[in-house]
Participant: 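Attaching a single structure in structure tokens format; questions to follow.
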There are 2 protein chains.
Amino acid sequence: MNAEQKAQKANDAALELSNVSEEDRNSLLRGIARSIEGKEDEILDANARDVEEAEGMLERGEYTQALVDRLKLDEAKVASIAEMVRGAAEQDDPIGETLTARELDEGMNLYKVSVPIGVVGSVFESRPDALPQIASLCLKSGNTAVLKGGSEAEGSNRVLFDAVREATAESDAVPDGWLQLIESREDVETLLGMDEYVDLLMPRGSTAFVRHVQDNTKIPVLGHTEGVCHVYVDEDADSEKAEDVAYDAKVDYPAACNAVETVLIHEDAADGFLPRIAERYDDANVEVRGDEATREVIDAEEATDDDWTTEYGDLMVAVRIVGSVAEAVGHINTYGSKHTDCIVTEDGERARRFMENVDSASVFHNVSTRFSDGFRYGLGAEVGISTGKTHARGPVGVEGLTTYKWYIEGDGHVVGEYRGEDARDFTHRGFDGEW
Amino acid sequence: MNAEQKAQKANDAALELSNVSEEDRNSLLRGIARSIEGKEDEILDANARDVEEAEGMLERGEYTQALVDRLKLDEAKVASIAEMVRGAAEQDDPIGETLTARELDEGMNLYKVSVPIGVVGSVFESRPDALPQIASLCLKSGNTAVLKGGSEAEGSNRVLFDAVREATAESDAVPDGWLQLIESREDVETLLGMDEYVDLLMPRGSTAFVRHVQDNTKIPVLGHTEGVCHVYVDEDADSEKAEDVAYDAKVDYPAACNAVETVLIHEDAADGFLPRIAERYDDANVEVRGDEATREVIDAEEATDDDWTTEYGDLMVAVRIVGSVAEAVGHINTYGSKHTDCIVTEDGERARRFMENVDSASVFHNVSTRFSDGFRYGLGAEVGISTGKTHARGPVGVEGLTTYKWYIEGDGHVVGEYRGEDARDFTHRGFDGEW
């Protein structure tokens, strides 16, 4: 089958999968977990071959060490993948939930009910755990899926795909074509054009790749591009909290999209805060770049305009001194990526002003930007982080793979009776009811 | 200003408008209603000139009578426009609502809060009441707007735009550039490219026009294309209900997108139902086209494959006899437009099967498809009907112009403490709280 036929097959299976019971979906997920455990040796063998090849590419300078690290599986990781799939089975069902129940008139009730979105297309890079994770989240939410993994993980992905498909192929509950794997780069471009068959795209990868997807498809995209996150240390910041937050936000995991890239400091806080955070950053090998005012207080490389828009993804941070909360907000809304930003202050009113005026998906007061994450938010398994404004914003749980349908149950009602003389009135009365 | 500058100006004003209080927004809406009433003469004069010109175009065969009819305003219509704007002021505030309040850990709370989407771009045709309606819905929901009306209503739209802008210009509460009017056809194309400044597009017009917008922009689009709606009369239908529903769904307002275009009839119901509905359709001048089996029961023109996908928007209906509910579902999912479909039956189990397997935004049991409408659903003012699956589906109220933001209030929390030995645990405990 070519990519178009695979997308069509996933589409053909979508309605049937959307009606598979919660019990069956969860039991299939547990079957997938067992299947992955059962194929541990095969998975590790295939992965070892992928890693060997990647190390060759690394020597030839075509891959980075980080890519090779992300690629590697071991027994513990395979076990944790199986656990993650089992965890999806334990979560609340995101579909079939009655979101609204409203009597429209006597004997006529309206229900808004969550349903799967249909067909999810996902393209991801290097990490082989992405395949079982995305497949599980799709199955949990009743969606069929077309997956494309990175070529560097092709062998690992193929075995993991077989593990998932074999576990579900044994069951009558789920339609055969629900999960599709595509493998070539050209197939990705085909997938982007399949708006007739694919309802949502979830690209995972570099900013450039996500942008490429956004720019070349009519299918809605759930994903994030840059994470240029800020910590603003206000004049009324508690200096210990400010240090802890600015340090954690950078050092905890610099490659994460929710790591801080620019620290903004109120001019009245600079003398107290800046030397101390600079020392802690220095101890952690964080390179600091500063604007002119910063470099009057500490030694630092000069920050240029480019630094304000750069996601370092590394042990680097830009620092700028500002004159007011308004200036901090202006900087963030101008140079930021609307991902996650934070104010550190003891002044609650000023915190609120900052939070309401920063136009980002997540805005925090006195906590590290690193909390911007589906698991930490309590959303369960994270589908991704969205920097878009529609459909889903910020960290997205499995409900991001759902939409809803409107049902009316009536008894021969016609709109003609709600018009003219003797027109009936709608009651529009909410009630506790389940579809 | 050119269209790009106008979009930029609306974008500049968006954050300020998003923070205008509910009280101020509602008071501005009441001011707009008064302003429209105060300009009644000007509005009617400008409209009379638009209508005169349109009638010239009608004579030259360039416009249809329906377009000229939609264009016409009179005193009663101006009064009802002002009332509609006042009605928006009375509605619940769609923004600032706490959708989730969750303790993440002691002293650290997460809030999900509804906020305006930002900048709404809307392009609409002929009806001059669209301009004050869309402007009011945007203001109500804290969004700035860039509007483009049909050229046939240019004079009416300009006076209505001035009425809205003058009413808000007097106030300090709302930023100056919040409402922008563009007038040329080329400006529409410019608007479609303004994904940097515009967050959502709401096209209103023909299917071809909405498709053109969808195909030529990266901005999310809230709108509907075809409404090819179905009524399926099951073998266990109550024949009176079936007749009433099939009649109302076609005749009540044939030009509406939620009017029925194809009636599907179970073969065992055909002999009883078909001659009676055909007689009622005939009395209402509805032209019936039927498949072969239909034409064995009643006199009708032959329906071709094209009929199954056509939105007549007129006193015409296609009829097809099917052998089962599954065949009806298959027909609808193949030829329909995923808008609104209905089953008439006394068999509840079969109704449910139909409703869960038809992949449409609205699926009804024993009520006319014409109920598919934001006002009838109790959503308040209707922003539009969406045939998309993400963000909003089916009839959309003013909450379709909102998104949300995540806030965390903490006290120096860092993620490093939630890892390793002695790791803190998240509590993830929902609570009744307002941001």
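Computed over heavy atoms, backbone and side chain alike; hydrogens, waters and symmetry mates excluded. Here is the naming used below: chain letters follow the sequence lines, and residue numbers restart at 1 for every chain.
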Participant: Looking at chain B, which one of A/F426, A/Y407, A/Y377, A/F364 has the largest number of heavy-atom pairs inside 4.5 Å, strictly under?
Facilitator: A/Y377
Participant: B/R352, B/E16, B/K112, B/R370: which one forms the most heavy-atom pairs within less than 4.5 Å of chain A?
Facilitator: B/R352
Participant: Measure B/L379 against the heavy atoms of chain A and call it side chain, backbone, both or neither at under 4.5 Å.
Facilitator: both
Participant: The test is side-chain contact (heavy atoms from CB on, under 4.5 Å); show your working for B/M355 and A/W435 and say whether it passes.
Facilitator: CA-CA 11 Å; B/M355 294 167 90; A/W435 159 251; 3.6 Å; yes
Participant: Quick check on the interface: out of B/N366, B/T403, B/V415, who has the most heavy-atom pairs with chain A under 4.5 Å?
Facilitator: B/V415
Participant: Between A/Q214 and chain B, which part of the residue has a heavy atom less than 4.5 Å away: side chain, backbone, both or neither?
Facilitator: backbone
Participant: Highest number of heavy-atom pairs under 4.5 Å with chain B: which of A/D373, A/I117, A/L222, A/T217?
Facilitator: A/I117
Participant: Please name the pair of heavy atoms, one in A/E409 and one in B/V367, separated by the smallest distance, quoted to 0.1 Å.
Facilitator: C-CG1, 4.5 Å
Participant: So which of A/P395, A/S372, A/A14 has the largest heavy-atom pair count under 4.5 angstrom toward chain B?
Facilitator: A/P395
Participant: Counting heavy atoms not belonging to B/E346, are there more than 12 under 6.0 Å from its CD?
Facilitator: yes
Participant: Taking every heavy-atom pair that is under 4.5 Å apart, which of B/G118, B/G416, B/G430, B/G400 has the most such pairs with chain A?
Facilitator: B/G416
Participant: Considering the options A/D252, A/D244, A/V251, which one meets the side chain to side chain contact (heavy atoms under 4.5 Å, CB included) requirement together with B/V414?
Facilitator: A/D244
Participant: Under 6.0 Å from the CG atom of B/N216, do we count more than 12 heavy atoms belonging to anything else shown?
Facilitator: yes
Participant: Which bit of A/A249 is near chain B, if near means a heavy-atom gap under 4.5 Å: side chain, backbone, both or neither?
Facilitator: neither
Participant: With chain A, which of B/T402, B/D195, B/T340, B/V245 has the greatest number of heavy-atom pairs at distances under 4.5 Å?
Facilitator: B/V245
Participant: Do the side chain of B/N19 and the main chain of A/E356 share a donor and acceptor less than 3.5 angstrom apart?
Facilitator: yes
Participant: Who wins among A/A361, A/P220, A/G388 for the most heavy-atom pairs under 4.5 Å with chain B?
Facilitator: A/A361
Participant: In terms of heavy-atom proximity below 4.5 Å to chain A, should B/S360 be classed as side chain, backbone, both, or neither?
Facilitator: backbone
Participant: Parallel, tilted or perpendicular: which describes the rings of A/H413 and B/F371, with under 30° parallel and over 60° perpendicular?
Facilitator: perpendicular
Participant: Side chain, backbone, both or neither: which part of B/M108 has a non-hydrogen atom closer than 4.5 Å to chain A?
Facilitator: side chain
Participant: Restricting to non-hydrogen atoms, name the atom on A/Y404 and the atom on B/A392 that form the minimum distance, rounded to 0.1 Å.
Facilitator: OH-CA, 3.3 Å
Participant: Measure B/L104 against the heavy atoms of chain A and call it side chain, backbone, both or neither at under 4.5 Å.
Facilitator: side chain
Participant: Is the number of heavy atoms from other residues, nucleotides or ligands within 6.0 Å of CD (A/E196) greater than 12?
Facilitator: no
Participant: Contact part of B/I343 toward chain A, heavy-atom cut-off under 4.5 Å: side chain, backbone, both or neither?
Facilitator: neither
Participant: Specify which of B/D359, B/N333, B/D199, B/D411 makes the most heavy-atom pairs with chain A at under 4.5 Å.
Facilitator: B/D411
Participant: Is a side-chain donor or acceptor of B/T390 paired with a backbone partner of A/H391 at a separation under 3.5 angstrom?
Facilitator: no
Participant: Can you tell which part of B/D215 gets under 4.5 Å to a heavy atom of chain A, answering side chain, backbone, both or neither?
Facilitator: both
Participant: What part of B/V115 is in contact with chain A, defined as an atom under 4.5 angstrom from a non-hydrogen atom: side chain, backbone, both or neither?
Facilitator: side chain
Participant: Given a strict heavy-atom distance threshold of 4.5 Å, which part of B/R102 is in contact with chain A: side chain, backbone, both, or neither?
Facilitator: side chain
Participant: Tell me, for A/Y418 versus chain B, whether the close heavy atoms (under 4.5 Å) come from the side chain, the backbone, both or neither.
Facilitator: side chain
Participant: Against chain B, label A/K218 side chain, backbone, both or neither, depending on which of its atoms sit under 4.5 Å from a heavy atom there.
Facilitator: side chain
Participant: With a 4.5 Å cut-off on heavy-atom pairs, point out which of B/S18, B/S368, B/A242 contacts chain A the most.
Facilitator: B/S368
Participant: For B/E240, is it the side chain, the backbone, both or neither that has a heavy atom under 4.5 Å from a heavy atom of chain A?
Facilitator: neither
Participant: Ignoring hydrogens and angles, tell me if any N or O in the side chain of B/H428 forms a donor-acceptor pair with the backbone of A/R376 under 3.5 Å.
Facilitator: yes
Participant: Short question: side chain of B/K389, backbone of A/L200 - any donor-acceptor pair under 3.5 Å?
Facilitator: no
Participant: How long is the straight-line distance from SG of B/C342 back to CD1 of A/I408, given to the nearest 0.5 Å?
Facilitator: 9.5 Å
